[in-house]
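Down below is the structure, laid out as structure tokens.
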Amino acid sequence: MALKCGIVGLPNVGKSSLFNALTEASIPAENFPFCTIEPNIGVVNLPDTRLDKIHSITKSATKIQNTTTFVDIAGLVKGAANGEGLGNAFLANIREVNAILHVVRCFDDEKIVHVHGETNPSNDFAVINLELALADISMLENSMQKIEKKLRSGEKALQKEYEVLQAAKIAIETEANLDTSSFDDHQMNYLSSLNLLTFKPVLVIANVSENADSNNLEELNLICKEKNIEVINAVIKNELEIAQLDPSERMEYLEVLGMENTVLEKIILASYNLLNMGTFFTTGPNESRAWSFKIGSTAPQAAGTIHTDFQKGFIKAEVLSYHDFIDCAGLQNAKTQGKVRLEGKEYLMIDGDIVHFKFNV
């Protein structure tokens, strides 16, 4: 299951530095607008100590972690919806991701040019949101005009699509949540196919200095709270330095700071949770592995993330909770103690399930 998070923001806010830290990659992060032109893509392992413990008990030959893909997208400027800067390419790249990590600059530094001449986090946040909204409205209006012509010529079957477009446009213009309660399956599928920028889940990364100015953050936090958007403060410059240390030095550095995990790990996990995803595990002598599933998925749907044949020929699933696996020190003891359950096609997966699927094709 491909999970993509796009890193967006104005030029020179720390997007590429965050990408470098997340992926421990080395891409340009220079002090001028549009340094990033083509999007940089990196696949990042999802930190999960549960898999480590499962692997240590089963003693599998290999361990495969869950992953999330991060995309570093070109900086956006005011007027991007009308093609300013690299606007068109920027907007097209965002449409391809599942969620948005919006990096907002919350520090002053005369050596680093600000595209608007001054640090104003709430204004910068609003600029990006406005451009996304304008791009969506423009796309919706164009689609509505095309459908209107067909409706006038008698193609009444397109009425439902038109109603979706109209409702989405009103929701974006009024900054309201879209009411989909009256939409049928056909309309919901059509809405998903639109891939609207403003409907993607958002996580804000406030790029702060070591001595963060609370005045810069206060208004941004209030705005995000109203929109139910999580804000994570990060000194991205420091996180990049930590990421470039070898693992042992990194652990020592965190101990000195009194931290168990880096802010980067918090960002990676928050990005994953933003997509409403859960994790299930498979384990055996050859491999212990973490898999992604959408919260609310049935056992056959989760099986399909391993292989489509697993979903097509699903018979049943042997399911064991992670905590029971740990308490019983492995699968065999868990079976002896009656902790392993047989579940059918209607079973809804739970985060942390350890599963063995039975299928026949």
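Each residue takes its place number in the sequence, starting with 1.
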Are there over 12 heavy-atom neighbours, none belonging to [X], within less than 6.0 Å of that residue's [atom1]?
{"X": "K237", "atom1": "NZ", "answer": "no"}
{"X": "H186", "atom1": "NE2", "answer": "yes"}
{"X": "D184", "atom1": "CG", "answer": "yes"}
{"X": "N228", "atom1": "CG", "answer": "no"}
{"X": "K200", "atom1": "NZ", "answer": "yes"}
{"X": "E346", "atom1": "CD", "answer": "no"}

Between [X] and [Y], what is the shortest heavy-atom contact and its length?
{"X": "A234", "Y": "I267", "answer": "CB-CD1, 4.4 Å"}
{"X": "K53", "Y": "S56", "answer": "O-OG, 2.8 Å"}
{"X": "L3", "Y": "Y272", "answer": "CD1-CE1, 3.5 Å"}
{"X": "A99", "Y": "L274", "answer": "CB-CD2, 3.8 Å"}
{"X": "M349", "Y": "T298", "answer": "CG-O, 3.9 Å"}
{"X": "E318", "Y": "K358", "answer": "OE2-CE, 3.6 Å"}

Between [Y] and [X], does any NZ, NE, NH1 or NH2 come within less than 4.0 Å of an OD or OE carboxylate oxygen?
{"X": "R105", "Y": "D124", "answer": "no"}
{"X": "K169", "Y": "E141", "answer": "yes"}
{"X": "R95", "Y": "D136", "answer": "yes"}
{"X": "D351", "Y": "R50", "answer": "yes"}
{"X": "E175", "Y": "K227", "answer": "yes"}

Do [X] and [Y] come within less than 4.5 Å of each other through their side chains, counting heavy atoms only?
{"X": "T283", "Y": "S60", "answer": "yes"}
{"X": "I232", "Y": "L203", "answer": "yes"}
{"X": "K345", "Y": "I315", "answer": "no"}
{"X": "F107", "Y": "T119", "answer": "no"}
{"X": "C106", "Y": "L220", "answer": "yes"}
{"X": "V204", "Y": "C224", "answer": "yes"}
{"X": "E239", "Y": "T262", "answer": "yes"}
{"X": "L331", "Y": "T58", "answer": "no"}

Whether F357 and F280 hold their rings parallel, tilted or perpendicular, with breakpoints at 30° and 60°: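 Taking F280 first and then F357, their aromatic rings stand perpendicular (interplane angle over 60°).
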
Trace of the side chain to side chain donor-acceptor pair (under 3.5 Å) decision for T68 with S271: CA-CA 8 Å; T68 299; S271 304; over 6 Å; no

Chi angles and distances behind the side chain to side chain contact (heavy atoms under 4.5 Å, CB included) call for Q187, N189: CA-CA 5 Å; Q187 288 172 304; N189 289 334; over 6 Å; no

Intermediate values then yes/no, side chain to side chain contact (heavy atoms under 4.5 Å, CB included), V355 and F281: CA-CA 6 Å; V355 191; F281 303 94; over 6 Å; no

Step-by-step side chain to side chain contact (heavy atoms under 4.5 Å, CB included) determination, F70 to I41: CA-CA 6 Å; F70 289 94; I41 299 174; over 6 Å; no

Is it possible for you to say whether [X] and [Y] belong to one hydrophobic cluster, with membership spreading through side-chain heavy-atom contacts below 4.5 Å?
{"X": "I268", "Y": "I7", "result": "yes"}
{"X": "F183", "Y": "L140", "result": "yes"}
{"X": "Y322", "Y": "L51", "result": "yes"}
{"X": "L196", "Y": "Y162", "result": "yes"}
{"X": "I128", "Y": "F199", "result": "no"}

Chi angles and distances behind the side chain to side chain contact (heavy atoms under 4.5 Å, CB included) call for D52, K63: CA-CA 8 Å; D52 298 331; K63 177 181 70 173; 2.7 Å; yes

Aromatic contact, F359 with F314 (centres under 6.0 Å):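 Centroid separation for F359 and F314: 6.0 Å or greater.
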
Inter-residue atom distance N66.CG - D48.CG, 0.5 Å rounding: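 Output value for this atom pair is 7.5 Å.
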
Pair S321, D324: side-chain N/O donor-acceptor within cut-off below 3.5 Å: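 The answer is yes; a qualifying pair exists.
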
Flag for N120-S122: side-chain donor and acceptor within less than 3.5 Å: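 Yes, N120 and S122 have a side-chain donor paired with an acceptor closer than 3.5 Å.
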
From CA spacing to verdict: side chain to side chain donor-acceptor pair (under 3.5 Å), W291, T279: CA-CA 5 Å; W291 302 86; T279 301; over 6 Å; no

Test item: S297 side-chain N/O and F293 main-chain N/O as donor-acceptor pair under 3.5 Å: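 The answer is no, because no donor-acceptor pair under 3.5 Å joins these two groups.
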
